[in-house]
Amino acid sequence: MSSEFSPKSDFLRVLFERGFVHQCSDFAGLDALATKGDVIAYVGYDCTASSLHIGNLISAMMLHWLQMTGNKPITLMGSGTTRVGDPSGKDETRKLLTIEQIDANKDSIKGVFSKFLSYGAGARDAMMVDNADWLTKLNYIDMLRDVGRHFSINRMLTMDSVKLRLEREQELSFIEFNYMILQSYDFVELARRFGCNLQMGGSDQWGNIVNGVDLGRRMGTHQLYALTTPLLTTASGAKMGKTAAGAVWLNADMFSPYDYWQFWRNTEDADVGRFMRLFTVLPLDEIRRLESLGGAEINEAKKVLATEATALLHGKPAANEAAETARKTFEQGETAATLPTIAVAHTDISAGMGVLAAFVTAGLVGSTGEARRLVQGGGLRVNDDPVSDPRAMIGLSDLRDGVIKLSLGRKKHVLLRPE
């Protein structure tokens, strides 16, 4: 990021002020386009799972601010590139999905973007396209002659997605080696079809994106630009977006609005202001006021962060319900009916279920070994009572109003409901 660059466009000014900018291929050129409202930018989303996760949220917010400042966003569904698999950041080849799995994932993912973008037929409305529309129609020989000849194997071997795999002596398949060519070609196709001139993504995508800029130059498109965001970590250096139960998904059926609210509520003190800038639309003056709070008051700022971030993704009613559930649970000690609920077979409870297995079933821990360690540290509770014996069983006698409340620490709760 250039510390000397002072953007004139609202788009880059907002991104700089909120902490989105890591690298850009040409700040001045992109700023000039954005000043006129002429930026048409895309982010690609492969269909590797049935939901996007919180790591995808930062690029979705970039598209949001792009549209809010008078430019046009494109969400590119990667059902074509998903058939190949992006090797970036991976030590082994991704499992190849069937076409049916990819299409099902795409359909499940698509709905989340309307929370951040306004779609339509207008000049500044967002549009959604799928790279399968052109990638699946390519002729291999023509592809080699028209596109492949512009790529240097020597240069491709220096890209992080390739170099890191080879340095670790992990196999890189030929199909993965082609991924960066296909991503670069996507940029060219979007430029030709829709006038796209900017690709955005995480810092780990920099090599792939600038390859697309270079391919556009070699294949005669208009000037293309690259813009990336910093790697997202917490103040303590941990990779953001992981919990004891796994990834923080954006689809409500995979990660409930209450759990999502709690994820943001558990933000480290030092991250509150930064995450407000990145993941809410709160005015900067209000963010500065909230992040300046000291002592116990910083918890109020965390609640604002949690409610605003949840409202953006799941809507204001769901955010307010999650906040109220948390208030009742923590401040009044109630077992709120809106806590996340997991259905279990009535016969499993009546026969007796191991307490460690119950916490795994509830998704509060990843394994019984992890649960056992937490018991030793006093971190697990059943119906608000600490679990002291890892061999304990839970049964029908533990039901309270038809449910059993399992708690990890003071802030994570799940209800088991026999059915």
Side-chain angles (χ1 to χ4, degrees), residues 19-20 43 45-64 88-90 105 108-116 201-204 229-281 301-315 318-319 321-323 325-326 329 338-342 359-367 370 406-414:
F20 285 96
V43 177
Y45 299 92
D46 278 353
C47 311
T48 53
S50 56
S51 171
L52 298 178
H53 54 76
I54 207 164
N56 304 116
L57 191 55
I58 191 166
S59 62
M61 290 302 296
M62 291 176 79
L63 290 173
H64 167 82
S88 299
K90 297 293 179 182
N105 286 345
S108 182
I109 286 168
K110 289 194 300 186
V112 77
F113 293 107
S114 61
K115 311 290 181 63
F116 304 96
S203 58
D204 62 333
T229 63
L231 178 67
L232 201 57
T233 58
T234 64
S236 59
K239 187 175 181 180
M240 188 193 171
K242 292 288 185 180
T243 68
V248 179
W249 301 105
L250 302 188
N251 282 18
D253 60 341
M254 295 177 65
F255 201 79
S256 73
Y258 175 80
D259 285 334
Y260 193 75
W261 191 95
Q262 279 294 338
F263 171 79
W264 293 110
R265 170 63 181 81
N266 294 335
T267 294
E268 296 178 31
D269 292 1
D271 286 326
V272 172
R274 182 163 66 104
F275 289 172
M276 281 184 175
R277 288 177 177 84
L278 292 171
F279 300 113
T280 80
V281 295
K302 291 179 183 181
K303 292 175 186 177
V304 174
L305 165 63
T307 301
E308 292 294 325
T310 305
L312 199 58
L313 178 63
H314 295 297
E321 182 178 273
T325 297
T329 302
T338 49
L339 283 174
T341 302
I342 301 291
F359 276 87
V360 174
T361 299
L364 288 167
V365 297
S367 67
E370 181 184 353
L406 305 184
S407 304
L408 170 60
R410 295 179 58 248
K411 297 179 180 179
K412 289 186 174 293
H413 310 272
V414 170

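Quantities reported herein were computed from a predicted structural model and do not represent experimental measurements. Keep in mind that the numbers below use all heavy atoms, side chains included, and drop hydrogens, waters and symmetry copies. In this chain, numbering begins with 1 at the start of the sequence shown.
For Phe263 and Phe255, the gap between ring centers reaches or exceeds 6.0 Å.
How far CD1 of Ile109 is from CG of Asp46: 8.5 Å, rounded to the nearest 0.5 Å. Taking OG1 of Thr229 as the start and CG of Asp204 as the end, the distance is 8.0 Å to the nearest 0.5 Å. For the atom pair Gln262 CD and Lys412 NZ, the distance stands at 6.5 Å (nearest 0.5 Å). Expressed to the nearest 0.5 Å, how far NE2 of His413 lies from OH of Tyr258 amounts to 5.0 Å.
Here the shortest heavy-atom pairing between Ala235 and Ala270 reads CB-CB, 3.7 Å. In terms of heavy atoms, Leu406 sits closest to Ala362 at CD1-CB, 3.9 Å. Taking every heavy atom of both residues into account, His314 and Ala318 meet most closely at O-CB, 3.7 Å. Residues Ala322 and Trp261 come closest through the heavy atom pair CB-CB, 3.6 Å.
Applying the salt bridge (charged side-chain N to carboxylate O under 4.0 Å, His left out) definition to pairs two or more places apart or across chains, those involving residues 261-271 are Asp269-Lys302, Asp271-Arg274.
Using a 4.5 Å heavy-atom threshold, the side chains of Leu232 and Leu278 count as touching. Phe359 places none of its side-chain heavy atoms less than 4.5 Å from the side chain of Glu370. Residues Glu321 and Pro257 fail the side-chain proximity criterion, which asks for heavy atoms closer than 4.5 Å. Residues Val43 and Met62 have side chains not in contact (no heavy-atom distance under 4.5 Å, counting atoms from C-beta outward). Within the 4.5 Å cutoff, side-chain heavy atoms of Thr280 are placed close to those of Leu305. Trp249 has its side chain out of reach of Ser50: every pair of non-hydrogen atoms, C-beta onward, lies at least 4.5 Å apart. In this structure the side chain of Leu250 never reaches within 4.5 angstrom of the side chain of Lys115, judged on heavy atoms. In this structure, the side chains of Leu312 and Phe279 stay at 4.5 Å or more apart for every pair of heavy atoms.
Using bins of under 30°, 30° to 60° and over 60° for the plane-to-plane angle, the ring pair Phe275/Trp264 lands in the perpendicular bin.
The closest donor-acceptor contact from the side chain of Asn251 to the backbone of Ser108 lies under 3.5 Å. No side-chain donor-acceptor contact under 3.5 Å links Thr310 to the backbone of Thr307.
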request  = Evaluate the side-chain contact (heavy atoms from CB on, under 4.5 Å) criterion for residues Leu313 and Val112: first the C-alpha distance (whole Å), next the side-chain angles of each, then the deciding distance (0.1 Å), finally the verdict.
outcome  = CA-CA 8 Å; Leu313 178 63; Val112 77; 3.5 Å; yes

